[in-house]
Each structure stands twice: as structure tokens, then as C-alpha cells.
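So the structure is just underneath, and the comments pick up after that.
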Amino acid sequence: MDRPKRIKKLTLPPIELDAKEDALPQAISNHLAFSVGKDDLTATNHDFFVSVAHVARDRMVGRLMETMRHYYDEDAKRVYYFSLEFLMGRALSNSLDNLGLLEETKKSLASMGIDPEEVFDSEPDAGLGNGGLGRLAACFLDSMATLGIPGYGYGIRYEYGMFYQRIENGRQVESPDNWLRYGNPWEFPRQEVLYPVKFHGRVVEYADEKGLLRYHWVDTEDLMAMAYDNPIPGFGGETVNNMRLWSAKSSHEFDLTYFNEGNYIKAVESKNESENISKVLYPDDSTSMGRELRLKQQYFFVCASLQDILYRFSKFHDNCDLLPEKVAIQLNDTHPSIAIAELMRLLVDVRFIDWDRAWKITTGVFAYTNHTLMPEALETWPVELMERILPRHLQIIYEINRRFLKDVMRSWPGDNDLLRRVSLVDENPSGKRVRMAHLAIVGSHKVNGVAELHTKLMKETIFADFDRIYPGKIVNMTNGVTPRRWIKQANPGLAGLITATIGPEWVRDLSRLREIESFAQDPVFRKDFAAVKRANKECLARFLRDRLGIESSPDSLFDVQIKRIHEYKRQLLNVLHIVTAYSRIIRDPAQQVVPRTVVFSGKAAPGYATAKLIIKLINDVAEIVNHDHRVAGRLNVAFIPNYSVSNAEMIIPAADLSEQISTAGTEASGTGNMKLAMNGALTIGTLDGANIEIRAEVGEENIFIFGLTADEVLDFKRKGYVPRSFYSANEELRTTLDMIGSGYFSPDEPGRFRGLVDGLLTSDPFFLLADYASYLEAQKKVESVFVDPDRWIQMAILNVARMSRFSSDRTIGEYAQKIWGVSPLIPPSRA
Ligand code: 26V
């Protein structure tokens, strides 16, 4: 795109725009008039949201430009976080708070007669992610900006994010999440930042002028990637980084061949087809189904991002050997790992760099994070599919593999089984497939797991061969979450109390939280802490009553399990406990029980039948339990529909008990476990993922651990596991399973859950029956502590005080130092 010939250096918008007292209300009304085109007579809450968002954005652009200019002037090494998912949630309150304008803005809106909460609530929740992996990416962006690390997010601007979940008749019903329907005031469309992306076609070989064999990728079908920039303000607003999301645009307004044939409609159709690539987020995080459109999405954003990165690099450098000194690319799971082949293609085919040099550059640039050990979620692509869509990349992957296997052969001569195991190509009888994790490991200089146990298991199981081949390449980076969103914004009551007690520094430096430990005995602090939790619980109870018609007492134990519905996460084990508790009350209605409100929230992948049946079971159990007068006031079950970042922000501060009950060895890390504990919920959990590290921090006397260890699970798998033996040996378990299996909770269809129960009795791959007794024991312990509020509060306070390790600032600091080789860079005017 053309730029004006002589640019007079423009002065950036001043940073402190709001010195005058009436400046903010004036700015809001100005945007209401000039950006939205409304006056206060006709403006909706959403109109006010758009106006305030513009006010916030105005105050970010100067800092964004200053940040970018500073990185540029310093020729800083940049970090690029490549992710198919960014689960950002709402941005308004977060942006205002990071800019230090939240309270002023609330006051301004109130002075205009507008309820700020209604304005914040009318922002659509940006749900461009499935769950943990996508939300981690969002927390990382916040931490990079807060620490002043030159970090960019790169991903896809899906038109439809994670589906919207309704519960009808107890079952999940999905509908599209048209989050851009009313526009997006945060983004800057960059019509001129446009890159071509090629698919299909064929590869032709030719000899260059020196007679060297070269490759051309020709006869391709092309489309364009257009950039949308989203400012990411750090806390304090010194640094504003950028998240660049790509949208697919047809490369020709209409396909000319059809157009010339006079087929106007067909021409428009083909434009639509290419724009489908960025249409929708894949909502399945449980199985890699090898869909063509998904591979196209992956290559689409990787291809555009690498062109953009090389363009930025080339403004300063013409020697690509310097790339690893200036560019670090983090691959968020294998989803963007085709980038390794693409960078090789750009270096070898386009820049004519020889293979060995190109390979050194490539492995110097990339690092890969693994987020799951579940074999069915590990991505592989049929060779046939890759050949059709990315023929040159397949060749390059074959060449990477040939050289890699040759090296392995040299070090382990004769070990053909090793070669077969580590090959980038799985020679499956049902068809060859490319193993993306193997490509990601071979093409990266560092590979990391997301919690200590997960990393250890990676090294001992799925990637044991690679740990031998590349000692030291696999490292641990325990996950974290941003305290800005997950304490300060989600739980203003707690945040206010902490600040009043130890000052405001904890928001940037979570290690300071330790200082509240000395207040764990302080009666005033304890009273205030309890009052905050109480108020949050009242708020959730009101929601349950008004939205779901469920009466729950804020005095009851708020027992919360919120996460994707997955067999390995064992929502079903939680249900077994509920049904047991229920039948105990029925059996002996006079007994004393600790009143409980069990809250579930989470989505099932649309094609995951068992997960959907578990949702139905939860709702069927809730229906019976909540209406049985014998248990009234003692046990309630609620399934909150449409789990999302915003719902999490409401539920987490109100939780007493955090259910982290996955089968040991299956949950890579968990991050909800961290959010709940730092908001004063006590964890009931297995020795899985980051639970182990949470226990180490909070102390084993302040967490309820139960169940098999990962080693014991492995032992069972080796020696044989007979779930039915647990059924036979435990009368309560028998009663519970029989009730569910025989239709007690599904009188309209008694056999509805028979299959679910039979699955437990015959195979139970996630060891629910083996852990049942110990889970119940732990729940009993929970109740014995809950009836002693002093003790409970003490434990809750210690949980909050000792969670500082789980700030994503700490995580990002470790990545920066140990993987990326970058350090903070704060703009001079605000250093
Ligand atoms: C997998 C797939 C499979 C192919 C189709 C689309 C798709 C989308 C997402 C995924 C990711 C599954 C892995 C994941 O989300 N892992 C979670 O990562 C969290 C952050 O590291 C971690 O806390 C959770 O324990 C882990 O389950």
C-alpha cells in the first residue's frame, strides 16, 4: 500500500489524557456520538460498551505505537506465540484496569446515570479457544505485556468462536457463537497487511544457474490472509503488545474463470469457500480427527505469520543466520507445527539457503509446548491428505525425517524398532500418517511439558526415545495464570482486602502474597476474608436462583467442578459421590449432614457422546435431588450452562471446594486448579498435573489429596485391573451404581445410563471405581473441616497466601530465560 511521500513525524497522542475531571465522561459521550452515532436517548448498554471500549483503545494506541517503536529502535529479539486458540474473554474491564482507569470509568458511567456492570456485561466474550490451552495463551499475553517482554500473539480471527451451550431437557445443545455480529471495537483491521497463502498444486524440480536442484511449488490455489491487530495492555500500561489474528480473504474478488464463463453465482461461491478457512474454531479438544479444513487453518495462519515475521526481520537484517538471535517462536501444542516445514521451505526454496544452514536456523527459532499425553489427542495427518494440500511440505518433512533417522541410526546402529518408533511417519497398515509431535520435537531446540509430573511422564513414556536421543531438550515449565484477571478482576472483594492488608504490589509481583500468611491468625483479617467469600457465595446463589431456579444456601459448602467434560477429568466420579450422599440421606433422613451445593459447568465436544451423556446424567441427578423434599436444604446440584471465561470469573470467587479429580497421570497441568486455590477454595484432588505442585506450596495439611498415584495407575494397567472387584467389595458403591444403572434418575428411560455404568464395571479406563472409596473418605474429611469455620478459613487464607508460584508472570519469566533468551524492555519514557 502507498504511504504519503514525506511523513512529518506525528506526535503520539498524549499518554495522560484524563487529567481534567470531566475528561472521561466527555470522551465517552464523544464516542457515543462520533463512533456509534447515538445520543443517550437511544443508546443501549452495548452502545455504551462500544463507546467506553473506544475510550480505552484511544488510551492504548499511543502506548502500543511507542512500544512497537521501542522494540524496533532496539532491534529487540521478539517472541512469537503461535496458537490456534486465544481464549481472551471480555477485554473492557481488564483493559481499563491495566490502564489504571477502571474506577474513574465506573464513576463516569455512574455520573451519566449508567450502570457500569451492565455495560461490562454487554461485551461479548471472546471465546476463540476450547479450554486450558487457549486460556493459557491469553494469560501468557497478559504476562508478557506486564513484564515488558516483546511478545506477539499470532492466531486466527475466527468468525465463530467456541459454540454457545444451552441445556435443553438436560442435554447439551450447541449454537453458533456469532461474537462479531455487532462488530469488535478493539481490533484494528489492517487491509494493507495482506499475504498470499497457497494450497494444493504440485512441485516442479529445476536446476538453478549453478546446476543445483531446486523446487517450485506451482499451480496452487491461492487465498489471502488479512491482519487484524488487537492491543494487549500490560498491567500499569507501560507496555502495550500486539496480538495479530488472520482472516481469510479470497485472492480474487471473484473467481475469474467462473466469472468469464458467465457463472456469476459460482464465482461468488468460490470466494466464499476460500473465506471459510477462518470461519469457525474446531470445538473438539479430545480427538484429532484429521479434517482437511483444520490442516488448512493451521497452515493458513502459520504461513501468513512467518511471512510477517520475516518481513519485520528483513527491515533490519539480510542475513538469515541471525534469525535465532532475533526471533523465538513458541508452538502452542503441535497445532502450528507445520511452521517448521514452512520455515524450511522459505529458507531453502525461496531464499536458496542450503539445507544444513536452514535447519540450524529453524531449530534455533522454534520451541514446542506439549499439553497432553492422551494418545488420541496427539495430532497425525494422513500422508495422502498432506500430499494433496501441501505437497512441498510433505517432501520437506520426508527429507527432515531421512536426515533425522540417519543420525539416529548412526548412534543406535541396528535398532530398527527405535527407528520405527521415532520416525516422523507412522507406517500404519490403515495408511501412512505424519506425526506432528515428532516433527515438533525434531524441529525445536526446546520441548516443554506444563507441570513437573507431566514433563516427567513425557520423558518416561510418550517421548522417552526422544529424551534419549536429545538429552536435555525436554524441560518443564509449570503453568500459571494471570492474577490480574483471576484475582483482581474476578474477585474485587478479595483483591481489595489483600491490597488493604499488604499494599498493591502483589498485582505485579505475586510473591508478595506470602505476606498475608502472617494475617492468617489475625481475627480482623479472618473476619474480612470470610465476609468476602460470603458475599461472593451470595452472588452465585442469587444467580442460581434467578437463572436456574435452584435455591441454595450460601451457608452450604460450595463444591465446584468447572472444566471441559472429559472422561479423564471424571465428572462422573463427582456424580458417584453425589448419588452416594443422596442415598445416605434417604436411608437415614434424620442424620446430620453438611449442606452442599455442587456446581458443575463445562462443555462437551459436539461429537463426544459419552461426555454428552455425562451432562445428561448430571442434570437428571440434579432434577431428582433438587426436588426431593427429604434432602431439601442439604444437597443441591446445579449445572451452569455455557462455561466461559466470564462464567468462570463469577463462579471461582464463590467456590469453597475445588474438584481436581482427574485420574493421576492424565491431566497435563490444569489451570482452573490454580485459579480456584488463589481465590481461597480448598482443593480436593488427585496427585495429578499441577495439583502436586500446589500441594507442595500450600502444604499437605491444607489440601485434600486422595486416590491412586500415577505409578499405581500404571501398575494396575500392567497387572490388570478388575473394576468389578471394587463393586463387589463396596456396598455403597454397589447401591450407587445400581441406582444410576437401573434408572432411578431416568424414570422416563430407565436404561439411559446402563451403558455408562456397564462401562465402569467392565473396563473403567479412568479408574473411578478404584478411587471411589478414597474419594469418599476425602470428602468426609472435607466436611469434618468445613464444620469448623475457623479452621476452614485458616486453610483458605493459607492457600491464597501460598499460591504465588502459580502466577503466569513466573512462568513467562522462566520461558524468557530458559527457552527464548529474551529480557524485558520497557519504553524509556516510562522505565
Ligand atoms: C487438541 C485438539 C485435538 C485436535 C482438534 C482440536 C484440538 C484442540 C485443542 C486440543 C488441545 C488439548 C490439549 C489441552 O487443552 N491441554 C490442556 O492444556 C492446559 C494448558 O497447558 C493444561 O492445563 C491442561 O491440563 C491440558 O488438558
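Both ligands and their constituent atoms are indexed starting at 1 by order of listing.
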Subject >> Atoms of ligand 1 close to Y568 [distance to a heavy atom under 4.0 angstrom, numbered from 1] >> reply: 27 (O)
Subject >> Proximity flag H454 to ligand 1, non-hydrogen atoms under 4.0 Å >> reply: no
Subject >> Charged tip of K603 within 45° of F163 ring normal and under 6.0 Å >> reply: yes
Original post:
Any N or O of E85 that comes nearer than 3.5 Å to an N or O of ligand 1?
Top reply: no
Original post:
Any chance the rings of H438 and F466 have centres within less than 6.0 Å?
Top reply: yes
Original post:
At a 4.0 Å cut-off, with the gap strictly under it, does some heavy atom of G689 reach an atom of ligand 1?
Top reply: no
**OP:** Check if R294 has a non-hydrogen atom at a distance under 4.0 Å from any atom of ligand 1.
**Re:** yes
Original post:
Does the side chain of Q165 pick up a donor-acceptor pair with the side chain of Y643 at under 3.5 Å?
Top reply: no
Subject >> Interfacing atoms of ligand 1 (cut-off 4.0 Å, heavy-atom, G132) >> reply: 19 (C), 20 (C)
Subject >> Option whose closest heavy atom lies nearest to atom 2 (C) of ligand 1, chosen from T334, T372, L136, D284 >> reply: D284
Original post:
Any chance the rings of F301 and F82 have centres within less than 6.0 Å?
Top reply: yes
Original post:
Do any heavy atoms of H335 fall under 4.0 Å from ligand 1?
Top reply: yes
